[in-house]
Amino acid sequence: MKLVVIGNGMAGARFVEDLLVADRDRFDIVMFGDEPYGNYNRILLSNVLNGSQDAKEIFLNPLAWYEENNVTLHAGKRVSAVDRERRIVYADGIEEHYDALVFATGSKPFVPPVPGTTLHGVFVFRTLDDCRNIADYAKESKRAVVIGGGLLGLEAAKGLMNHGLEEVTIVEFGPWLMGVQLDEAGGKVLQSTIEKMGLKVRTKTNTSEIQGYQKVEAVKFADGSEIPAEMVVISAGIRPNVDLAMECGITCDRAIVVDDRMRTNDPHVFGVGECVQHRGMVYGLVAPLWEQTKVLAAHLTGAEKAYTGSKIATKLKVMGVELASMGRIGDLKDTDEVVLYSEPARQVYWKAIVRDGRLSAACLLGDLGPADNLMELFKADAPVPERRLEIFFTPQSAKKDVSLADLPDAHQICDCNGVSKGTICDAIKKGKCTVPSVGKATRAGTGCGSCKGLVKGLIEAVAGAVKADPSESWYVPAVPLDKPALVAAIRERKLRSVSSVLRELGAGEDEKSKMGLASLLKSLWNEEYVDERDQRFINDRVHANIQKDGTFSVVPRIYGGVTTADDLIRMGEVAKKYNVPMVKVTGGQRIDLLGVKKDDLPRMWADLGMPSGHAYTKAFRTCKTCVGAEFCRYGTNDSTALGIAIERRFQGFEFPAKVKMAVSGCPRNCAESTVKDVGVIATEGGEWEISVGGAAGASVRKTDILCRVRTQDDALRIIGRFLIYYRDNAKWLERSYDFVPRIGMEELKKVLLDDEYGLGDYFDREVAATMAAYTDPWMEREKPAYAGQFEETKTIALPMAP
Amino acid sequence: MLTLQVKKPAARPTLRRVPVCKDWDIPLGLGRSFEVGGRLIAVFKSREGVLFALDGLCPHKGGPLADGMVVGRQVVCPLHAYRYEAHTGACDSPGLCAVGTYPVDVEGDTVFVVVPE
């Protein structure tokens with residue numbers, strides 16, 4: 001089969017590429033191109049003109065590419081006729097027979113029918129040769145007029161500026177610049193920006209004549225005025241190249257008419273690119289063209305694919321001005337809603353047109369903050385937010401809008417340690433260009449860590465870039481290994497204590513590393529772990545949470561938040577007996593006895609007779625529940641029973657960071673399951689929906705749904721698998737709300753649900769082993785683990801002076 | 001008018017060597033808190049077995065240093081992780097003053113701390 005392509009521009013060459021990918025061998029391919037080159041990226045021509053790119057850099061397919069792919073290219077040959085009866089293409093003495101013929105003839109610049117367009121110094125701006133000629137001629141010129149205030153005209157004007165012309169005037173027939181992409185107000189904003197750059201702009205100006213004898217001398221306008229100029233660049237739009245197609249009887253309107261499979265009225269003849277008209281639309285941008293070439297390649301190789309038109313959404317940079325455009329901004333009906341935001345001082349202008357609750361067109365100028373969001377809405381044809389202002393101001397874009405640079409030096413960045421922007425910037429200027437080194441110098445980011453993003457932003461703003469810090473991948477700061485390498489080294493060398501790991505693998509020591517290693521070694525070795533108590537933080541030594549005055553808090557475990565009258569009475573009596581200064585109900589549905597002296601801890605635990613609630617360590621904390629089906633008239637499942645089962649099963653499990661869970665008995669979600677590390681919600685159908693990775697602390701994140709299961713046992717099994725996978729793979733102090741997005745739900749589902757790596761049994765065994773290894777740490781009240789574990793300050797009287 | 005102030009030389013404090021506990025009362029790598037003649041003192045034993053003593057309270061927010069972790073030659077306050085050098089008492093963060101240090105020694109199995117009276 002023989003395929004002939006007329007046109008070797010972006011559409012023709014791209015189509016052949018797509019065809020070769022779809023089926024390399026189906027066709028003998030012959031291409032005609034009237035430029036004597038391979039194929040180049042026409043979009044970058046303005047870069048060649050303004051000098052920012054060399055002509056060599058914009059070639060897409062050099063001549064060698066055609067040879068390598070067995071494509072015959074007739075470069076510099078113009079097709080003069082097509083005989084559709086005999087299926088032959090004629091060009092400069094060449095005859096090529098075809099089984100399929102593709103028109104990719106593109107378009108040509110529109111030259112207004114005014115006198116003088118043939119004078120020396122008048123150019124169109126379309127090809128590589130035009131580019132070279134304009135650049136050469138600009139060397140001997142001082143003043144230029146660009147006819148046409150569209151995208152290409154503005155690009156040409158900028159290119160001329162860069163060639164050192166003294167005066168460049170843009171002349172636009174329409175009432176404002178870039179009439180396709182912008183409305184009047186937007187066009188005016190753009191115009192004032194451009195004028196500030198030293199260009200002149202005349203709108204509503206109709207060129208009547210280009211004057212001169214042999215060479216251009218001036219441009220005259222319909223109102224009688226004129227501008228002296230040595231050169232003129234015409235960029236007044238494009239016209240599809242349809243002459244050849246019309247001559248051979250292919251149906252044409254404004255361009256070659258094609259259907260959803262890029263077919264013309266002749267079954268052997270097709271069209272793609274700027275030369276075709278599809279459902280009434282002619283496109284002059286590359287994105288639609290790429291969709292078209294794919295469809296045609298599919299169709300010609302027997303695949304089923306249809307082109308249904310393109311949604312035009314582009315981001316452009318016009319003379320340094322950022323611009324995003326989608327749809328046709330000029331297409332406005334009385335029933336449309338217009339949402340507008342403008343900020344003249346910064347030359348920002350945003351406009352969105354909403355039709356039937358969907359984004360039909362928009363333009364953004366000067367600041368593309370919300371552009372990605374709008375493009376998503378536009379392309380997906382998705383309903384826009386009820387509150388229309390959220391089209392522009394999503395929570396994300398609002399965040400982005402707070403410019404770090406604009407904050408005063410006194411602004412507090414790290415709220416935990418009270419570190420101001422000025423202090424951080426000083427440290428950065430002194431060479432602290434990583435987040436940890438800034439933390440070390442200023443303490444910023446070393447508390448809850450939620451300001452680390454801001455610190456990073458400041459480093460970028462002050463020092464230019466954040467230096468890659470290899471220590472970020474280390475599991476703990478004192479051992480330069482990431483988690484898999486660390487675990488492998490620990491296993492290989494049989495390192496069972498924190499001190500041996502630090503001695504053999506460490507580079508220094510610090511308290512965070514010790515805590516992290518202690519937790520890791522415990523999970524790796526279970527009973528074989530050599531527990532050095534001094535490697536633990538005080539909370540983990542005395543199984544209570546240290547308070548600001550050096551006292552401790554006691555939080556007994558209340559499984560699923562369900563207690564009894566007797567237990568409550570006992571807690572009350574204990575609180576009274578030890579003069580507990582504050583008794584508080586916690587957010588995790590437990591009772592916190594605050595302000596306890598260290599030496600009272602063992603006796604209080606004994607009097608309570610309840611196990612530790614682990615409210616102090618990097619471990620499973622609590623499982624919050626709502627009352628569920630047992631009493632609630634809306635409850636659809638027994639949430640308290642599942643919550644209690646979860647807490648009994650996973651109590652004492654240690655992790656790289658704390659883990660909170662919740663079970664809600666119906667979708668009303670009263671236990672706030674969607675902001676927990678693991679959340680379970682009973683569905684109307686009697687199933688349990690398990691979701692992971694939520695938080696409502698310094699960071700707020702909604703959980704991602706993992707799966708739905710039928711029974712309590714299934715829920716416990718899936719949760720257990722997630723917990724072991726998290727324990728094994730999270731970085732030290734990495735909460736599930738960072739871990740889950742880092743791994744990704746797709747991967748998590750593969751691991752936990754589909755068991756693609758065959759780890760399911762291992763996870764279940766680890767859950768069983770960890771459950772078996774559980775002991776209530778509060779039992780150490782019977783026999784302290786080391787001297788002075790639960791002793792307060794000892795008072796020593798000075799001996800009498802001798 | 002100028003007045004001339006004459007400072008008396010500070011009286012040299014009397015030092016007292018006080019027994020505080022037995023050697024085995026302080027496990028390796030940990031600290032114990034003592035109140036000696038109204039003065040709060042934290043005594044530590046490093047992982048290498050070296051004893052040292054510092055003021056018992058962190059000058060930042062009064063955290064109990066005896067509950068801190070011993071990391072190399074430093075003690076880390078349990079409240080906000082300020083660090084103090086074992087032998088000079090200097091704080092690692094600029095702007096915080098040093099804590100006092102006290103000589104410690106063991107005689108037989110008894111630990112002694114030397115405190116000013």
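Just so we're on the same page: letters track the sequence lines, and every chain starts at 1.
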Rounded to the nearest 0.5 Å, how far does [atom2] of [Y] lie from [atom1] of [X]?
X        : Y       : atom1 : atom2 : result
A/Ile538 : B/Cys77 : CD1   : SG    : 11.0 Å
A/Glu532 : B/Leu30 : CD    : CG    : 10.5 Å
A/Tyr786 : B/Ile26 : OH    : CD1   : 12.5 Å

Return the minimal non-hydrogen interatomic distance between [X] and [Y], and the atom names on each side.
X        : Y        : answer
B/Val70  : A/Lys514 : O-NZ, 3.0 Å
B/Arg32  : A/Glu791 : NH2-OE1, 2.6 Å
A/Thr793 : B/Ser33  : OG1-OG, 2.7 Å
A/Ala787 : B/Pro27  : O-CG, 3.7 Å

Step by step, work out the side chain to side chain contact (heavy atoms under 4.5 Å, CB included) result for A/Leu798 and B/Val115. CA-CA 10 Å; A/Leu798 286 182; B/Val115 292; 4.2 Å; yes

Min side-chain heavy-atom separation [X]-[Y] under 4.5 Å:
X        : Y        : answer
A/Ile796 : B/Val113 : no
B/Arg83  : A/Asp510 : yes
A/Ile546 : B/Pro64  : yes
A/Arg541 : B/Met69  : yes

Strictly distance-based, threshold 3.5 Å: is any side-chain N or O of [X] a donor or acceptor partner for the main-chain N or O of [Y]?
X        : Y        : answer
B/Arg47  : A/Ser499 : no
A/Lys794 : B/Val20  : yes
A/Lys548 : B/Leu79  : no

Which of A/Glu792, A/Arg536, A/Arg533 touches chain B most, by non-hydrogen pairs under 4.5 Å: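 Top count of heavy-atom pairs under 4.5 Å with chain B: A/Arg536.
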
Side chain / backbone / both / neither for [X] at chain A, heavy atoms under 4.5 Å:
X       : answer
B/Ala42 : neither
B/Val36 : both
B/Tyr82 : both
B/Ile41 : neither

Quick check: are there more than 12 heavy atoms from other residues, nucleotides or ligands sitting under 6.0 Å from NZ of A/Lys432?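 Atom NZ in A/Lys432 is not packed in, count stays at 12 or less.
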
